[in-house]
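These notes are about the structure you will find just below.
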Amino acid sequence: MDPDTACAIYRRLSKHYPIVGGRTNFIPFDNPFESLILTILSAQTTDRSVTAVRDALFSRYPTPEALAAASPAEVEPIIRTIGFHHAKAAYIVGTAQKIVESFGGEVPRTMDELRSLPGVGRKTANIVLSHAFGINIGIAVDTHVKRVSHRLGMTDSRNPDIIERDLMALLPEGTWGEVNYLLIRHGREICTARNPQHDACFLRDLCRYYAEEVRAKSP
DNA sequence: ATCCCGAGGG
DNA sequence: CCCTCTGGAT
């Protein structure tokens with residue numbers, strides 16, 4: 001994809017999904033601990049589910065120290081309404097404990113250190129690095145980003161390394177944190193896996209998938 | 001019935 | 001690459 005088209009895509013995404021109050025839908029840009037914990041919790045569940053438990057969780061455990069002092073059994077009832085709560089309770093307590101014991105109570109700022117935390121994989125690490133720290137290590141590639149970027153014709157690969165490299169065309173005018181947020185949100189709200197909302201899509205004229213769909217329907 | 005801002009383990 | 005983990009919304 002040519003750089004001008006990539007920049008146009010970024011500009012439109014940025015215009016349609018403005019970041020208000022330092023937050024994306026529900027994950028803050030300015031709080032590494034909350035960004036980390038919320039991203040761990042949001043795996044394979046809806047943002048609504050995570051938002052519903054967010055205040056109760058952080059009012060009881062506002063810091064890594066507070067969460068590290070808890071037991072998973074104690075945390076589990078608070079996040080019971082989200083999916084995979086049993087594993088996630090162990091993940092976030094274990095992550096808090098390791099932050100306290102191995103990283104001096106501060107969320108680490110390297111890919112390897114973040115991924116050493118239980119429940120933290122490549123996507124979560126990239127979200128925290130780019131959102132909370134402004135560290136440009138990589139694009140957070142999840143199912144939404146794969147689908148959106150492929151439909152737009154920005155990449156033809158399923159390899160996260162290659163997708164990341166291809167998506168760097170979006171970066172000249174934006175931060176990685178914004179790029180990570182914008183593609184994910186577009187995939188959630190408009191460029192959905194099934195029944196994508198072409199009528200509402202402001203990238204339609206640049207979209208390879210839409211063009212193919214139109215061509216397939218015409219006689 | 002099917003899906004949801006993944007990660008860990010085999 | 002495959003499977004499992006999970007409750008809630010539609």
Side-chain angles (χ1 to χ4, degrees), chain A residues 13-14 16-20 22-29 31-32 34-57 72-73 75-99 108 111-132 137-152 157-164 167 170 175-197:
Chain A
L13 286 168
S14 183
H16 281 264
Y17 305 118
I19 295 169
V20 180
R23 283 181 179 270
T24 67
N25 277 357
F26 66 109
I27 297 178
F29 266 62
N31 187 321
E34 293 192 11
S35 176
L36 173 61
I37 298 302
L38 290 173
T39 307
I40 293 173
L41 293 181
S42 64
Q44 280 301 110
T45 76
T46 60
D47 56 352
R48 287 176 54 177
S49 298
V50 178
T51 301
V53 304
R54 183 183 59 200
D55 290 345
L57 183 66
V75 173
E76 194 168 338
I78 301 175
I79 62 170
R80 179 172 31 82
T81 54
I82 71 175
F84 310 132
H85 55 278
H86 185 69
K88 286 173 178 175
Y91 284 159
I92 64 177
V93 171
T95 282
Q97 288 174 346
K98 187 154 187 178
I99 289 172
M111 173 64 75
D112 287 345
E113 288 173 333
L114 280 166
R115 292 196 63 169
S116 76
L117 302 170
V120 180
R122 177 173 179 161
K123 188 248 178 169
T124 301
N126 274 143
I127 289 289
V128 172
L129 287 167
S130 62
H131 284 206
I137 300 283
I139 305 271
V141 178
D142 65 358
T143 55
H144 293 302
V145 174
K146 286 182 181 175
R147 182 179 65 255
V148 172
S149 58
H150 182 263
R151 283 178 176 173
L152 286 168
S157 178
R158 295 192 315 170
N159 183 327
D161 293 325
I162 298 181
I163 294 174
E164 276 197 54
L167 291 189
L170 287 168
T175 69
W176 293 49
E178 288 172 330
V179 168
N180 285 339
Y181 155 67
L182 294 171
L183 291 173
I184 291 170
R185 180 160 174 189
H186 190 58
R188 264 192 353 106
E189 297 192 358
I190 292 180
C191 193
T192 50
R194 303 196 182 181
N195 302 321
Q197 306 300 306

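Per chain, numbering begins at 1; letters A, B, ... match sequence-line order. What's counted below: heavy atoms across the whole structure, side chains too, no hydrogens, waters or symmetry copies. Owing to the predicted nature of the structure, the values given are computational and were not obtained by experimental measurement.
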Counting the atoms with a prime plus P, OP1 and OP2 as sugar-phosphate, which does [X] contact under 4.0 Å by heavy atoms, base, sugar-phosphate, or nothing?
X        : result
A:Val120 : sugar-phosphate
A:Leu117 : sugar-phosphate
A:Thr39  : nothing

Would you kindly give the [atom1]-to-[atom2] distance between [X] and [N], to the nearest whole Å?
X        : N     : atom1 : atom2 : value
A:Lys98  : B:dA7 : NZ    : C1'   : 15 Å
A:Arg122 : B:dC5 : CZ    : C1'   : 16 Å
A:Leu41  : C:dT6 : CG    : P     : 14 Å
A:Tyr91  : C:dT6 : OH    : P     : 9 Å
A:Phe84  : B:dG6 : CZ    : P     : 10 Å

Pair of N/O donor and acceptor under 3.5 Å linking C:dC5 base with A:Lys88 side chain
no
In sequence, state the C-alpha distance, the side-chain angles, and the governing distance for A:His86 and A:Glu76, and then conclude on side-chain contact (heavy atoms from CB on, under 4.5 Å).
CA-CA 6 Å; A:His86 185 69; A:Glu76 194 168 338; 3.1 Å; yes
Any ion pair linking A:Arg188 and A:Asp142 (charged N to carboxylate O, less than 4.0 Å)?
no
Judged by each residue's nearest nucleotide on DNA chain C, which is more toward the 5′ side, A:Thr45 or A:Arg48?
A:Thr45
